[in-house]
Novice: 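Structure provided below as C-alpha cells; questions to follow.
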Amino acid sequence: DIQMTQSPSTLSASVGDRVTITCRASQSISRWLAWYQQKPGKAPKLLIYKASNLESGVPSRFSGSGSGTEFTLTISSLQPDDFATYYCQQYDSYPFTFGPGTKMDIK
Amino acid sequence: EVQLLESGGGLVQPGGSLRLSCAASGFTFSSYAMTWVRQAPGKGLEWVSSITDSGDTTYYADSVKGRFTISRDNSKSTLYLQMNNLRAEDTAIYYCTKDLGVTYDAVDIWGQGTMVTVSS
C-alpha cells in the first residue's frame, strides 16, 4: 500500500500569510493526488485534484503543485475561513490512502 | 442541487451487522464511481471502499476486506455498505462520496455522514 505523510502536522499562521503544506507519497503516484479541507463537525471539501487542478468554486488563493512523490498545497494569503484541517489523498492505486492531516490554526 | 444522504448508522454490539444506505440526487448516479470514507472520533480520514459506475468492480481497504460489502442500485440512485462482524475499531462517521469519474478518482461530493458506534 502507498503511505502518505504530511508536514507540518500543525501550522500556526496569521491572516494574510502565505502558507505551504507538503505531502509525500511512499512511491510515485504521478499526479494522482487530491487535497481536501475539513472544518470541525463538517464533511471534507475537495480543493485540488490531479495535483494542481482547482475544483470549481474554490478560491484562486489555493494552488497545488508536484508530481511523483512530493506535492504541495499553497494558500497565497490566508483568510479567516481557511483555518481548518487539510488532508492529501493519493488515488493512483487502491487502496487509496489519505495523509494524516495538517491542522491550521490562528497564531 | 447535488446531494448525498446517508442513513442506517447507529449503535451495534461487537460482532453485529449494519447496512448503510446513501440516497443520491441531483446528478446521473449511474455515471460515477462511488466511495465510502470513514473518520473515527478525533482521527483522520480513512478510505473504506469504492465501486465503479456499473457496479461490476469493487475495492476495499484491508481493514474491512471480507467483512464489508459495497453495492449500488443504479435504478434507485442508492449506494450501500453492508457491514458484518463489526469491531470497536469500526466506530466512526461514515461518509458517502461521489467520485469525479467512473473509477480511480478523487471524490468531489460528500454526504453529511452517519455515525456508527460499535460497543457492548
Side-chain angles (χ1 to χ4, degrees), chain A residues 1-10 21 23 25-26 29-58 62 64 66 71 73 84-104, chain B residues 1-6 9 20 22 24 26-27 32-52 57-68 70 92-115:
Chain A
D1 298 358
I2 298 174
Q3 308 303 315
M4 306 300 292
T5 59
Q6 287 182 235
S7 60
S9 55
T10 59
I21 300 170
C23 175
S26 60
I29 57 170
S30 185
R31 293 176 55 81
W32 303 115
L33 185 100
W35 289 97
Y36 302 89
Q37 175 195 66
Q38 186 178 33
K39 297 179 181 179
K42 300 293 187 181
K45 172 187 173 182
L46 176 65
L47 298 175
I48 302 279
Y49 61 96
K50 206 173 179 184
S52 62
N53 291 58
L54 194 67
E55 172 67 350
S56 176
V58 174
F62 291 91
F71 302 84
L73 173 70
T85 299
Y86 293 84
Y87 295 93
C88 61
Q89 182 204 22
Q90 68 82 15
Y91 54 101
D92 176 78
S93 61
Y94 288 107
F96 292 172
T97 40
F98 288 90
T102 295
K103 184 176 181 181
M104 191 179 308
Chain B
E1 180 191 4
V2 176
Q3 197 168 7
L4 298 171
L5 188 61
E6 302 99 333
L20 305 183
C22 171
F27 65 99
Y32 297 92
M34 298 292 291
T35 293
W36 288 98
V37 175
R38 69 184 181 183
Q39 187 169 35
K43 303 296 185 182
L45 301 172
E46 180 185 13
W47 173 85
V48 173
S49 181
S50 293
I51 186 168
T52 54
T57 306
T58 57
Y59 305 91
Y60 297 94
D62 289 345
S63 57
V64 307
K65 199 174 296 183
R67 300 187 299 122
F68 288 13
I70 190 172
I93 298 172
Y94 284 73
Y95 293 104
C96 168
T97 72
K98 167 191 165 293
D99 287 29
L100 276 168
V102 298
T103 188
Y104 277 84
D105 224 328
V107 296
D108 63 339
I109 303 296
W110 297 67
Q112 86 289 349
T114 187
M115 185 70 203

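Below, chains carry the letters A, B, ... as their sequence lines are ordered, and counting in each starts from 1.
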Novice: Show the nearest heavy-atom pair for residues A:Tyr87 and B:Gln39, with the distance to one decimal.
Specialist: OH-NE2, 3.5 Å
Novice: Could you check which of B:Ala106, B:Ser50, B:Gly44 has the highest count of heavy-atom pairs closer than 4.5 Å to chain A?
Specialist: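 Of the candidates given, the most pairs with chain A belong to B:Ala106.
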Novice: B:Ile109 versus chain A, heavy atoms under 4.5 Å apart: side chain, backbone, both or neither?
Specialist: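 No part of B:Ile109 comes within 4.5 Å of chain A.
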Novice: Counting only pairs under 3.5 Å, give me each side-chain donor-acceptor contact of residues 92-102 of chain A, with atom names and distances, residues two or more places apart or in other chains.
Specialist:
| residue | atom | partner | partner atom | Å |
| --- | --- | --- | --- | --- |
| A:Thr97 | OG1 | A:Ile2 | O | 2.8 |
| A:Thr97 | OG1 | A:Gln90 | NE2 | 3.1 |
| A:Thr102 | OG1 | A:Gln6 | NE2 | 3.1 |
| A:Thr102 | OG1 | A:Pro8 | O | 2.7 |

Novice: Donor-acceptor pairs are to be reported for all side-chain atoms of residues 41-50 of chain A against protein atoms at under 3.5 Å, with residues two or more places apart or in another chain.
Specialist:
none

Novice: Side chain, backbone, both or neither: which part of B:Val37 has a non-hydrogen atom closer than 4.5 Å to chain A?
Specialist: side chain
Novice: Between B:Leu45, B:Asp105, B:Thr97, which residue shows the highest count of heavy-atom pairs closer than 4.5 Å to chain A?
Specialist: B:Leu45
Novice: Taking ring pair (Phe, Tyr, Trp, His ring centres under 6.0 Å) as the criterion, tell me which of B:Tyr95, B:Trp110, B:Trp47 meets it with A:Tyr36.
Specialist: B:Trp110
